[in-house]
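Order of the sequence lines fixes the chain letters, A, B, ..., with proteins taken first and strands second; residue numbering starts at 1 for each chain. A quick note: this is a predicted structure, and the numbers were derived from the prediction, not measured.
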Amino acid sequence: MSERNDFPRMVRVAKVVWENPSTCTILFDERMDVKPGQYVMVWLPRVDEKPMSVTYAGGKGLGFTALVHGETTRKMGALKKGDLVGVRGPYGNWFDFAKAKKALLVGGGVGVPPLAFLAEEMAKKGMRSMFIMGARSKDGLMFEQRIGKAAELRVCTDDGSKGRKARTPELVAEALAGERFDCVYTCGPEIMMKKVFDECEKRGVECQASLERYFKCAFGACGQCCLDDKLVCADGTVFGSAFLRKSSEFGRYSYARTGARITLEEWMKHGM
Amino acid sequence: MARIDLSLSLCGVKLANPTILASGFLGVSPFTLERVGRCGVGAVTMKSVGPRPWPGYPNPTVVANEEFMLNAVGLPTAGYKNIEPEWEGMRKLKIPFIASLYGTSLEEYAEVAADFAARKPPLIELDLSCPHAKKGGHQFATNLDLARKLVEKVKAVTGRRVPVFAKLSPNCPNIGEIAAACEAAGADGITAINTASAMAIDIEAKCPVLYNKRGGLSGPALKPIAVKCVYDVYEKVHIPIIATGGISTGRDAVELLMAGGTGLGIGTAIYLRGIDCFEKICGEMEAWMKENGYTKVKQLTGAAHE
Ligand SMILES: Cc1cc2nc3c(=O)[nH]c(=O)nc-3n(C[C@H](O)[C@H](O)[C@H](O)COP(=O)(O)OP(=O)(O)OC[C@H]3O[C@@H](n4cnc5c(N)ncnc54)[C@H](O)[C@@H]3O)c2cc1C
Ligand SMILES: Cc1cc2nc3c(=O)[nH]c(=O)nc-3n(C[C@H](O)[C@H](O)[C@H](O)COP(=O)(O)O)c2cc1C
Ligand code: FES
């Protein structure tokens with residue numbers, strides 16, 4: 001076993017790319033062995049440390065994509081080439097596609113970046129996949145070209161400003177009715193993922209969902225990120241149908257920073 | 001060949017073995033505590049509960065390497081009035097639990113303790129090392145007079161209903177005397193130790209790593225400090241000690257028992273060896289005891305003292 005070190009390591013920003021008006025990708029000149037679905041803890045000294053899904057790894061360097069909305073992500077959006085940022089990880093499990101032949105990927109909002117990475121890895125293995133991307137409006141879409149090269153892309157927006165005027169679960173229902181998929185991979189708001197999972201259950205299709213909670217340690221010690229008896233940071237973030245089916249908290253409850261159990265709606269409102 | 005008996009009684013509470021999940025690890029929900037319960041632990045401690053909702057500090061709050069863990073979580077709590085579901089879950093556990101609490105003043109400790117005692121948990125633990133105490137952090141665990149007053153005040157509201165353990169800090173020169181003062185004030189047991197004050201600085205960032213800058217050290221690097229503190233406390237008191245700090249193997253466990261522990265608090269080992277570290281540590285203790293001719297875990301408590 002290699003020596004464990006879960007302290008942040010300072011790395012220099014190599015490039016900042018804006019994917020849409022409110023979302024930017026931060027790239028580092030770093031080789032890190034990361035699988036699609038894994039995340040890193042990103043530290044801005046004296047500000048905060050947040051989990052961020054990896055969207056680029058390997059030859060292109062290491063990259064994550066942040067939706068700029070709160071204090072920390074605003075400061076991420078202000079990063080410039082050469083700035084120092086702390087990273088630790090990679091953490092968590094990953095999307096398992098060893099057995100799948102035909103996959104359906106379903107990304108909502110800032111849940112798209114890890115799935116774009118997954119689509120590319122699947123394409124490298126010669127897999128055929130379909131990618132459903134949803135956002136509130138066209139300004140929330142991202143990586144259309146990148147995903148289009150790796151999968152068959154279908155786009156929907158809540159306001160119809162681009163693609164179909166629909167919500168992602170509707171497109172999922174149609175896709176599952178039209179073709180046979182081995183597995184559905186999803187990442188996005190949990191309420192959306194719950195609906196996607198329900199569609200999968202109706203059709204008897206396996207589903208893997210990458211979930212989000214407030215994280216502290218990221219290595220399964222503090223218990224902050226609990227979901228039933230699982231620790232989302234270390235046992236997840238990707239959970240399959242067998243667990244999602246019997247979970248009493250998926251799609252319903254999360255835990256505030258105080259440790260209080262709150263409904264998912266409340267959690268989305270107050271953030272973490 | 002005689003069977004090895006790891007069982008013990010802690011103030012009348014029966015434990016299948018001396019390992020106890022330390023407060024602050026995996027204690028956010030009863031579901032995760034129940035999972036720890038399935039990993040061969042003797043008892044579990046809840047995350048410390050405070051008087052009012054408090055979110056704790058921003059991240060980084062917990063970092064670690066193979067030698068130590070550093071944390072400044074900052075005692076986040078939903079507040080004792082908002083943990084009804086936790087109590088329900090705790091009562092369903094198949095193993096005993098320890099209800100941990102803290103306040104930022106003597107009055108607040110008594111307020112939370114009164115509520116706890118009315119619910120009759122098997123054991124109560126007072127975390128005396130609250131870092132945001134009104135008169136300055138850690139004061140209750142490091143000031144002999146305050147520690148005595150605090151335990152007196154808490155015992156006055158809990159009465160004989162529930163045994164009360166005082167959890168002490170290594171950040172003082174006289175932990176033995178403080179433990180003796182707690183015993184004189186009516187404490188039924190001592191938990192020693194909490195984390196040691198510590199800091200790490202990232203030299204590239206030129207900045208302390210923890211958001212709160214100062215934090216607490218746990219894990220292997222804390223063990224020699226814990227051994228000394230437990231040894232000191234054992235010399236001064238007659239009540240049982242939950243020896244805590246840096247235990248990650250069966251040999252560490254035996255060492256802390258020999259220093260004076262009856263129970264063994266374990267936290268950071270989860271990071272190093274996984275949630276099933278309790279099973280592993282018990283197995284290693286048993287093997288060591290077998291090899292060295294011990295049959296009962298009780299024979300080890302305080303064995304290093306003359
Ligand atoms: C495993 C994991 C992977 C993640 N990957 C990414 C990623 O790739 N890209 C990314 O941008 N974020 C990701 N996040 C979320 C990220 O860690 C931050 O929590 C989020 O970006 C908010 O950071 P902030 O400090 O800017 O906002 P805060 O200051 O914390 O919050 C600002 C506002 O945003 C809202 N808000 C905060 N969090 C959420 C939320 N989760 N859902 C809805 N509203 C919220 C709140 O209402 C709040 O008012 C991930 C989280 C996890 C657990
Ligand atoms: C992340 C973390 C959170 C903790 N929270 C608490 C707490 O809420 N109450 C408490 O009494 N001790 C708390 N502690 C201290 C532990 O219970 C224990 O005393 C200490 O970690 C030493 O044991 P160890 O080396 O086995 O981890 C915490 C420790 C850590 C690392
Ligand atoms: S964030 Fe600490 S256990 Fe998951």
Side-chain angles (χ1 to χ4, degrees), chain A residues 1-12 41-51 70-72 83-86 88 213-235 247-249 253-262 270-272, chain B residues 21 24-38 46-47 49-50 52-67 69-71 73-74 76-79 82-83 85-86 200 202-211 213 218 267-272 274-275:
Chain A
M1 202 180 91
S2 66
E3 197 157 296
R4 287 180 70 175
N5 189 338
D6 292 285
F7 275 69
R9 190 166 50 87
M10 300 310 288
V11 295
R12 278 191 200 283
M41 292 298 281
V42 179
W43 178 45
L44 303 187
R46 299 183 207 277
V47 180
D48 208 333
E49 183 189 44
K50 297 271 177 185
E71 193 205 334
T72 312
D83 286 348
L84 278 172
V85 173
R88 57 186 180 100
R213 288 295 179 269
Y214 188 77
F215 286 3
K216 285 176 183 168
C217 70
F219 43 64
C222 73
Q224 171 66 44
C225 63
C226 55
L227 172 73
D228 298 293
D229 68 347
K230 298 281 185 278
L231 299 161
V232 173
C233 74
D235 298 323
S247 168
S248 70
E249 296 189 317
Y253 297 105
S254 185
Y255 290 80
R257 261 177 62 191
T258 59
R261 185 159 102 157
I262 53 177
H270 300 296
M272 312 175 263
Chain B
L21 175 74
F25 290 86
L26 305 180
V28 172
S29 88
F31 302 119
T32 45
L33 288 179
E34 196 250 316
R35 174 169 169 190
V36 178
R38 281 182 264 126
M46 300 160 57
K47 172 117 196 73
V49 175
R52 251 54 71 216
W54 164 253
Y57 303 127
N59 287 330
T61 48
V62 194
V63 290
N65 60 32
E66 287 188 2
E67 279 120 41
M69 183 176 285
L70 260 188
N71 93 84
V73 175
T77 179
N82 307 312
I83 59 161
E86 273 86 336
D202 186 287
I203 59 173
E204 273 76 37
K206 287 186 277 189
C207 171
V209 176
L210 295 171
Y211 181 89
K213 304 185 179 82
S218 62
T268 303
I270 293 170
Y271 164 72
L272 295 166
I275 297 185

Which bit of [X] comes within less than 4.5 Å of chain B, counting heavy atoms only: side chain, backbone, both or neither?
| X | result |
| --- | --- |
| A:L227 | neither |
| A:D235 | side chain |
| A:V85 | neither |

Original post:
For the atom pair CH2 (A:W43) and SG (B:C207), what is the distance rounded to the nearest 0.5 Å?
Top reply: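 A:W43 CH2 to B:C207 SG: 4.5 Å, rounded to 0.5 Å.
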**OP:** Could you tell me the separation between the CG atom of A:D228 and the CZ atom of B:R35, rounded to the nearest 0.5 Å?
**Re:**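 A:D228 CG to B:R35 CZ: 11.0 Å, rounded to 0.5 Å.
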Close side-chain approach of [X] to [Y], heavy-atom, < 4.5 Å:
| X | Y | answer |
| --- | --- | --- |
| A:C222 | B:F25 | no |
| A:S248 | B:F31 | yes |
| B:I275 | A:L231 | yes |
| B:N82 | A:T258 | no |
| A:R46 | B:Y211 | no |
| B:V209 | A:P8 | yes |
| B:P58 | A:R257 | yes |
| A:D48 | B:N59 | yes |

**OP:** List for me each residue that meets ring-ring contact (aromatic ring centres under 6.0 Å, His included) alongside B:Y271, sequence neighbours excluded, and say none if there are none.
**Re:**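 In terms of ring-ring contact (aromatic ring centres under 6.0 Å, His included), with neighbours along the sequence ignored, B:Y271 is linked to A:F219.
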Between [X] and [Y], which heavy-atom pair has the shortest distance, and what is it?
| X | Y | value |
| --- | --- | --- |
| A:R88 | B:V63 | NE-CG1, 4.4 Å |
| B:A205 | A:M10 | CB-CE, 3.8 Å |
| A:G259 | B:E86 | O-OE2, 4.0 Å |
| A:C226 | B:T32 | CB-CG2, 3.7 Å |

Which answer fits [X], side chain, backbone, both or neither, if we ask what part of it has an atom under 4.5 Å from a heavy atom of chain A?
| X | result |
| --- | --- |
| B:K206 | backbone |
| B:R52 | neither |
| B:P208 | both |
| B:E34 | neither |
| B:V49 | neither |

Subject >> Leading residue by heavy atom contact count with chain A [cutoff under 4.5 Å; candidates B:P60, B:G24, B:G50, B:A78] >> reply: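 The candidate making the most pairs under 4.5 Å is B:P60.
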Subject >> Best-contacting candidate, B:L210, B:T77, B:T61, B:N71, against chain A by heavy atom pairs under 4.5 angstrom >> reply: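 Top count of heavy-atom pairs under 4.5 Å with chain A: B:T77.
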**OP:** Return the set of residues passing side chain to side chain donor-acceptor pair (under 3.5 Å) with B:E67 (not counting sequence neighbours), or none when no residue passes.
**Re:**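 Once residues adjacent in sequence are excluded, B:E67 has no partner under the side chain to side chain donor-acceptor pair (under 3.5 Å) criterion.
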**OP:** Say whether, by atom type as modelled, one donor and one acceptor occur between the side chain of B:E66 and the main chain of A:R4 under 3.5 angstrom.
**Re:**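 Yes: the side chain of B:E66 pairs with the backbone of A:R4.
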Subject >> Short N-O contact, A:R9 and B:D202, less than 4.0 angstrom >> reply: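 Salt bridge flag = no for B:D202 with A:R9.
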